[in-house]
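What follows is a set of notes on a single structure, which appears directly below.
For ligands, and for the atoms within them, numbers begin at 1 and follow the listed sequence. Just so it is clear, the structure is predicted and the values come from calculations on it, not from any experiment.
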Amino acid sequence: MKISVLGLGYIGLPTSLLLADSGHEVIGVDVDDEIVNKLREEDLPFEEPGMRDLFENAKENFKVKDSVENSDVYLIAVPTPLDKSLNIPDLKAIKSATEMISSKISDGELVILESTVPPGTSENLILPILKKNGDGEDFLLAHSPERAIPGNTINEMINNSRIIGGLDEESSEMAKSVYDSFVEGEIHLTDINTAEMVKLMENTFRDINIALANEFAQIGEEIGIDTWEAIELANEHPRVDILNPGPGVGGHCISIDPWFLSSNSTKSKMITLAREINDFMPNFVVSKARNMISDVSDPCITIFGVAYKGNVDDTRETPAKKIIKLAENEGLDVKCYDPHVENFDYELYSLKESVKKSDCIVIVTDHNDFSELNPEILGKNMRNKNILDTRNMIDVEDWEDSRFNVTVVGDGKRTV
Ligand code: SAJ
């Protein structure tokens, strides 16, 4: 089949490559010239395990173009950001991608929407645009939300189960035949509105679970217990699975998708409360860091990790940004270090430079590298030896042996 993929980001690019690798003729389209130019030079715009090998295998069937071509299938994988001033989704990119497709599409051709959208978007926004401009009436339309986790995208795209919600049976079946070419997990068919809802429910469930863990962490500190140990013990129960507390929830999905559900509903309470709890965690982290260095004049802290989560180079919605801004507003000097990230809104330093004359390290991201740091060597360059671990990932005894004052978010036995 000839397949046009609109949007070559974290989902569109690996999906294009998997489709091309399985023999389809894939045309990748993106409005971002930097992405297009990089790919034309066979340079990948972001890191993801296995993507380089996949690219090498797929490149013969994968062409990057400036505009959509007549195809059997049009797959939309453009971003659906949140308008933060209103907390409602911004569907501009979906609209313009659909408009591009509508000038090409004919009867019997299929549009697949992979981007996450509020329930009803496929039927109420996409379908009318296709019908208005398209050459015919009998298009096929399906929503198949991406569910792969950044950091393990390719593996999950192949092995996870997949939800496909078609406008009608023919749409579902044709979309299934597309994914059958590389998906090894089970493929579940449903209607289009249910598919949209399923995706949002999954990410909202995770956000609420993390909010609960973050609330437990704060209560644990109040009553003086180690919440990490308590969560581990609670999770021994066969029907309990509490996630980990941390510095807040980042990334383009979990910190955003719950708003897609709550923004057009009058019934959402828990969803917005969980968002509030998770969004407050950076404030909690900064107040703890502040307490650790309350007697220092001209304090300087070092942020370890600006990616939104461990072992990725993605900084979208990272809690690090809010932590840095809040800390700077409180008069702290802030330096950042991240071994995975190349470009960030704030200057990134080398490991050595980042801790020079610093008064406190704040581990924000759970990169594996941070559990292997050498406290003895790092401490030599610091002005004061403090470390605040928001991810419970360092060996506390090891750091204390090197005369660090250690605090772990959620550990009420080591609180400040
Ligand atoms: N986090 C915690 N505690 C935890 C787990 C995560 O604080 O126990 C934080 C992370 O550090 C990060 C944020 O939550 O800042 C989100 O990370 P994540 O690993 O939970 O999820 P994402 O955003 O990388 O990917 C999610 C996944 N959704 C679910 O697991 C239900 C993925 O499968 C989706 O495809 C992806 O959202 C998406 O694109 O929607």
Please tell me whether [X] and [Y] have a donor and an acceptor in their side chains that are separated by less than 3.5 angstrom.
X: E109; Y: Y74; answer: yes
X: D411; Y: N392; answer: no
X: E146; Y: T15; answer: no
X: E317; Y: S255; answer: no

Let me know which protein residues bring a heavy atom to under 4.0 Å of ligand 1; chain then number is fine for ordering.
E146, R147, A148, I149, P150, K199, E202, N203, R206, I210, L243, N244, G248, V249, G250, C253, I254, D257, Y308, K309, R391

Is the distance between the ring centroids of Y337 and Y349 less than 6.0 Å?
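Distance test on ring centres: not under 6.0 Å, no.
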
Residue that, paired with V36, satisfies side chain to side chain contact (heavy atoms under 4.5 Å, CB included) out of V64, V29, V31:
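Exactly one candidate clears the test, V64.
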
